[in-house]
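Working notes, structure below.
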Amino acid sequence: METAKAEQNAMSKLFGQYMREGKDITELKAKVDANKEAMIPLQEKAREAEEALYRVALAMPNFPDDTVPEGADEEDNVELRKVLEPRSFDFEPKEHWALAEGNGWIDFERGVKLAKSRFSVLRGEAARLERALINFFLDTNASKGFEELCVPFMNNATMLQGTGQLPKFEDDLFKIEGEDLYLIPTAEVPLTNMYNDEILAEKELPVLMTGYTPCFRKEAGSAGRDTRGMIRQHQFDKVEMVAIAHPDRSDEVFEMMVQNASDILTALGLPHRVVELCGGDLGFSAAQTIDLEVWLPGQNQYREISSISNTRDFQARRAKIRFKDGKKNKLVHTLNGSSLAVGRTIVAIMENYQNEDGSIEIPEVLKKYM
RNA sequence: CGGGAGAUGUCAGAGUGGUCGAAUGUGCCGGUCUUGAAAACCGGUGAGGGUAAUACCUCCGGGGGUUCGAAUCCCCCUCUCCCGGCCA
């Protein structure tokens, strides 16, 4: 294909010479025309093959790392450690929606009225707690070297493809009518794609970014799950960490991110466990994922509050994020993780810090933020 | 949203059908000079893919078209700037 193209180029070049020298060009023209004719089916075939390959490639999930435990679903995830002992209650701990009602913290009905089901309104102290948590998370991340960014909450299709949400998961996204824009399902999308189609200098790595954004998810396919309360909403706030790392050093960045998220929970006094996802439970883009699950005494179970993933070069390939390794351009590794999901943190605070009369204490570290 | 202008290498800015991957300036790298630096002078220097390295392919905002041949001509889109409207 390229050879034929090269010949074509060479012949066209000759044309100019012949013209200048006043030579006869009819013969040459015939030859060029023939070559061009012959190339058309070739080109067509090459283009089709390329398109087909591309389509298939975009629908392929990432390969799990060799170290990822085998397994089909969350039942096979591996608990790595527990942090903080759950407190013992001398009364029956309530679930967060009951506490929310008693304290007037969450207005579920009006959230539904304003939008639809799975939307809610935080009121008064809960709204201030939301804001305090965002600030606490951002400040903590900044102290670990993450640059704080404030990004668009809508991104175009190219960016969603870069991080792996498109084309396969379009049904999970809210699309803006008449625009090439989607409401972001996570800040991972804008933060990672900050460097879409860019080539970084090696010394710029790792790029550590954090940002607060609301996240919008249709939650298609989770009908009937977590319909009660604030665990699974169409819109929720999250502070995200994203790292663009040198491929040789993404593992240490990953560890650092997991530790940071865990430290935040510890600082809030929230018991949690660190869980490594098995192959079957990994998301589309992830090569390795560690979830942090916070203890909810009202529900008497651990629930996911943070998910930290190393996508290796999976997103980098899609988003064309490279770095200069000497003279060569190589793919970076991209990592992302929540630190933390704000709504679920409020849920955890309500359930863990509840008193027998239904009132709720505010964790010590948050007091200066409120 | 309406009217006008524009999009070219790090940046600025020429280039209107072949000798253009692209003048010139600037920046950057190397050298001469200097105790050192600056200035001056000389030389080198666009990007992406590909390769062991060459070849080779692609790229003048994006997509399509005309042509043997397009940065240059035609169509569509996007973005930027200026004027007006609207607005946090």
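Here is the naming used below: chain letters follow the sequence lines, and residue numbers restart at 1 for every chain.
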* To do: Step by step, work out the salt bridge (Lys or Arg N to Asp or Glu O under 4.0 Å) result for A:Asp197 and A:Arg322.
  => CA-CA 8 Å; A:Asp197 200 19; A:Arg322 293 144 294 168; 3.3 Å; yes
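- The C1' atoms of B:U16 and B:A71 are separated by 9 Å, rounded to the nearest whole Å.
- Distance, A:Asn329 CG to B:G50 P: 9 Å, rounded to whole Å.
- Here B:G62 presents its P atom at 13 Å from NZ of A:Lys320, a figure rounded to the nearest Å.
- Comparing the P positions of B:A40 and B:U51 gives a spacing of 44 Å, expressed to the nearest Å.
- When the P atom of B:A47 is taken as reference, atom NZ of A:Lys324 falls 7 Å away, rounded to whole Å.
- Remark: the separation of the P atoms in B:U26 and B:G18 is 29 Å, to the nearest Å.
- Taking atom P on both nucleotides, B:G61 is separated from B:G50 by 24 Å, rounded to a whole Å.
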* To do: Decide ring-ring contact (aromatic ring centres under 6.0 Å, His included) for A:Phe284 and A:Phe314; before the verdict, give the C-alpha distance in whole Å, the side-chain angles of both, and the deciding distance to 0.1 Å.
  => CA-CA 10 Å; A:Phe284 182 74; A:Phe314 182 82; 5.7 Å; yes
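- Dashed line: the shortest gap from a side-chain N or O of A:Arg322 to OP1 or OP2 of B:G48 is not under 4.0 Å.
- A 6.0 Å sphere centred on CD of A:Glu74 holds no more than 12 heavy atoms belonging to other residues, nucleotides or ligands.
- Within the structure, every side-chain polar atom (N or O) of A:Lys330 is placed at least 4.0 Å from both OP1 and OP2 of B:G49.
- Across B:C56 and B:U45, the matching C1' atoms stand 22 Å from one another, rounded to whole Å.
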Please output the side-chain donor-acceptor pairs of residues 159-170 of chain A that fall under 3.5 Å, not counting sequence neighbours, one pair per line with the distance.
from: A:Thr163; atom 1: OG1; to: A:Met159; atom 2: O; distance (Å): 3.2
from: A:Thr163; atom 1: OG1; to: A:Gln165; atom 2: OE1; distance (Å): 2.7
from: A:Glu170; atom 1: OE2; to: A:Tyr182; atom 2: OH; distance (Å): 2.8

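- Distance check on atom C1': B:G27 versus B:G49 gives 27 Å, rounded to whole Å.
- Distance CG (A:Asp325) to P (B:G48): 13 Å, rounded to an integer number of Å.
- In RNA chain B, runs of at least 3 consecutive Watson-Crick or G-U pairs, each pair with both distances below 3.5 Å, span B:1-7 with B:78-84, B:27-32 with B:40-45, B:46-49 with B:56-59, B:61-65 with B:73-77.
- Rounded to an integer number of Å, the gap from CG of A:Leu331 to P of B:G48 is 14 Å.
- Annotation: A:Arg123, atom CZ; neighbour count of heavy atoms from other residues, nucleotides and ligands within 6.0 Å does not exceed 12.
- One atom, CD of A:Glu198, and another, P of B:G48, lie 13 Å apart when rounded to the nearest Å.
- Between A:Glu293 and A:Arg273 there is a salt bridge, with a side-chain nitrogen of the basic residue lying less than 4.0 Å from a carboxylate oxygen of the acidic one.
- Separating the NZ atom of A:Lys328 from the C1' atom of B:A53 is a distance of 9 Å, rounded to the nearest angstrom.
- Checked against A:Ile134 for a side-chain contact (heavy atoms from CB on, under 4.5 Å), the options A:Asp139, A:Thr213, A:Thr345, A:Val342 give a single hit: A:Val342.
- Comparing the P positions of B:A22 and B:C79 gives a spacing of 32 Å, expressed to the nearest Å.
- Between A:Asp180 atom CG and B:G62 atom C1' there is a gap of 13 Å when expressed in whole angstrom units.
- For A:His234, the ring pair (Phe, Tyr, Trp, His ring centres under 6.0 Å) criterion is met by A:Phe119, A:Phe174, not counting sequence neighbours.
- Across B:U19 and B:U72, the matching C1' atoms stand 16 Å from one another, rounded to whole Å.
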